[in-house]
Chemist: 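Pasting in a structure now, in structure tokens, and then I'll have a few things to ask.
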Amino acid sequence: MISRVLKHGLPVTVSVPLVVVLLMVFVSFGVSQVVLARLAVTQERQLTDLANAYLDGLEAALIDPVLRQDPWEVFDALDRARNVYAAVRPLSTTVTDAAGTVLASSDPKSAPIGSELSPVAPETQADVALEQSQQVAVLDRTLSVEGRTVGYIYAQLDISPLLTERGEVLWYLIASNAVLTLILAALGWFAVRGMIAPMKILMEHINSAAGGTALPIPANVVKRQGPEWARLFRRFNTMAEAFAERETLLTKVADEERLASLGKLASSVAHEINNPLGGILNAVDTIKVHGDDPRVRLSAVQLVDRGLRGIRDVVQTVLASYRADREPRDLTPADFDDLLVLVRPEVRRKQIKLTWSNDLPPATPVNAFGMRQVVLNLLLNACRATPNGGALVFRAEVTTRALEIEVSDQGPGLPPHIAEFLANDGPSAARLTSSGLGLWVTKRTVKEQGGSVIVGKSAQGGARFRIVVPVVVVVDEEIERVA
């Protein structure tokens, strides 16, 4: 039962006092059983001694009358023994000859003279059999002379006082043990709860740390504890402060990494905007000089329109990727296609052979901004790692299991310590160099959405990143959880 209490997942502040109470109950029950067992043994030994004394007296008085087959003298001996051994409380005593014929009985109605009784040869003299349901003890004794059996004695003793005494002792034990157990259980309950109350406080603060915020234990609570618990609480507070500083540092690192990625894009975006801007300025100059010619004016206006639309696309893509004040929304295919605008300058500059496969459904229930950040970071890293003229592969789809994104390059592959971190959470983020912080932010973003980052070697010999995020997809108008 105690093991069941511990396995039921009860709080320690409840299970430990409950176990103490149960132990007290078991101890009380065990003590009662031992006392009753000893009482029963003592009573049976006393009864056996009295029965031996009773039968010894009868045997001495009955040998001669039984040999002479004198019923009246046998009955007289039984009658005298009833008065002498009144403390034994004999109910009936019957004497038979060796053939089992009744010579005399203290209860002639139940065993008339001359009736037949089956002789019983007991294994030991004064064999006592208790029949508690009838509240009697059955005795028998063999009468022997020089090794020859001449008769038998059968007797029944009243043991109701013995059983009454045993019952009284039982109820006394039950009542006294119940009161004592309740008192000790209550004292044990409150004493143990008081001893482990600090553990409850510590567990509450540890649970708060699991939720992302480690709250330190107030100083007044620490002062009320004993030296051991106070020392433990102070160490926990030190850990909570370090945890809070770490979270603050990691948040700053994530923000700085996002801004650093924006800085890396600045030159590419400037080049992407500068080209159409130069065309626009040339068109404006053409209109100034040849604005009277309708064909020249129309051609220049169309060039200005195309250039402004290209600039608008670049600006919108940058805003969609880095603007923080926007509402969360589901991921769409356009979210990834827009990233082509940001990576296309680098792809063209290094003449990278880009294989682009975007098979997302119209809406995928994951955070669009977070996944855009992840994919953009991986694409920029892949472009930087891929040599001139190399190959880069991007694939995005929703399978029957999850959202799957793959980015493969033809670079030198990941450094061992970064690959170990992404695969096994090996080193901490603080040990990663600046080249690995972006991947750390990527892993953290994916993990926040319940996904995982799988690293490996691509078919081109470089690094291969595979992102798997569980999603809820709509299949035949039914929502199915895909894990």
Side-chain angles (χ1 to χ4, degrees), residues 254 257-258 260-269 271-272 317-318 321-322 331 333 335-360 370-399 402-427 429 432-447 449 451-469:
E257 176 64 23
R258 185 166 58 88
S261 298
L262 180 60
K264 296 174 184 177
L265 287 174
S267 59
S268 298
V269 171
H271 178 75
E272 194 71 10
T317 301
V318 173
S321 298
Y322 291 97
L331 182 69
D335 288 312
F336 288 164
D337 290 337
D338 286 347
L339 301 181
L340 278 172
V341 178
L342 300 179
V343 300
R344 187 180 293 118
E346 188 69 10
V347 169
R348 285 201 301 259
R349 184 182 68 83
K350 301 183 71 173
Q351 297 180 349
I352 296 174
K353 299 174 183 178
L354 175 61
T355 301
W356 189 271
S357 176
N358 184 1
D359 297 325
L360 294 182
M371 296 314 298
R372 284 173 64 97
Q373 287 289 315
V374 167
V375 172
L376 180 58
N377 187 30
L378 293 179
L379 289 174
L380 290 175
N381 287 342
C383 289
R384 184 166 55 250
T386 302
N388 293 340
L392 191 154
V393 177
F394 170 81
R395 179 181 62 84
E397 61 179 349
V398 175
T399 65
L403 167 65
E404 295 189 5
I405 301 170
E406 179 182 338
V407 177
S408 302
D409 59 49
Q410 200 174 349
L414 287 176
H417 69 285
I418 297 179
E420 180 186 359
F421 167 75
L422 294 175
N424 304 315
D425 283 341
L432 297 177
T433 60
S434 59
S435 61
L437 288 176
L439 294 177
W440 171 80
V441 174
T442 295
K443 180 171 183 178
R444 183 185 183 191
T445 303
V446 173
K447 189 174 182 180
Q449 302 198 43
S452 58
V453 179
I454 303 171
V455 297
K457 191 173 183 179
S458 68
Q460 297 81 15
R464 175 178 178 266
F465 294 88
R466 182 167 171 263
I467 297 171
V468 180
V469 180

Chemist: With side chain to side chain contact (heavy atoms under 4.5 Å, CB included) as the test, pick out the partner of L360 among V398, I405, D335.
Modeler: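 Result for side chain to side chain contact (heavy atoms under 4.5 Å, CB included) with L360: V398.
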Chemist: Nearest 0.5 Å, please: how far is CD1 in I467 from CD1 in I454?
Modeler: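 Here the interatomic distance stands at 10.0 Å.
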Chemist: Looking only at non-hydrogen atoms, find the nearest pair between V446 and S452 and report the distance.
Modeler: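 Closest approach of V446 to S452, heavy atoms only: CG1-N, 3.4 Å.
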Chemist: Looking at every non-hydrogen atom in both residues, tell me the closest pair between N358 and P333 and how far apart they are.
Modeler: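 Residues N358 and P333, closest heavy atoms: ND2-O, 2.8 Å.
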Chemist: Taking only residues at least two apart or on different chains, which pairs with a member in residues 349-359 satisfy salt bridge (Lys or Arg N to Asp or Glu O under 4.0 Å)?
Modeler: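 Residue pairs with at least one partner in residues 349-359: E346-R349.
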Chemist: Tell me, please, which residues at least two apart from Q460 pass side chain to side chain contact (heavy atoms under 4.5 Å, CB included).
Modeler: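 Only A391, V393, S408, Q410, S458 meet the side chain to side chain contact (heavy atoms under 4.5 Å, CB included) criterion with Q460.
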Chemist: Closest heavy-atom contact between E404 and T399?
Modeler: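 That closest heavy-atom pairing would be OE2-OG1, 3.7 Å.
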Chemist: Could you pull out all residues at least two apart from V407 that satisfy side chain to side chain contact (heavy atoms under 4.5 Å, CB included)?
Modeler: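 With sequence neighbours excluded, V407 shows a side chain to side chain contact (heavy atoms under 4.5 Å, CB included) to L378, L379, A382, F394, given in chain and number order.
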Chemist: Using side chain to side chain contact (heavy atoms under 4.5 Å, CB included), reason through L414 and V455 one step at a time and then give a plain yes or no.
Modeler: CA-CA 9 Å; L414 287 176; V455 297; 4.1 Å; yes
Chemist: Can you tell which of V469, L403, V375 makes a side chain to side chain contact (heavy atoms under 4.5 Å, CB included) with L331?
Modeler: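 Output: one option passes, namely L403.
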Chemist: Output yes when a side-chain donor or acceptor of R395 lies under 3.5 Å from a complementary backbone atom of E406, and no otherwise.
Modeler: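 It does not hold such a pair.
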Chemist: If we ignore hydrogens and angles and just use 3.5 Å, is the side chain of D409 paired with the main-chain N or O of T386 as donor and acceptor?
Modeler: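 No; zero donor-acceptor contacts below 3.5 Å.
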Chemist: Can you name the nearest heavy-atom pair linking V453 to K443, along with the distance?
Modeler: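 Minimum heavy-atom separation between V453 and K443: CG2-CA, 4.1 Å.
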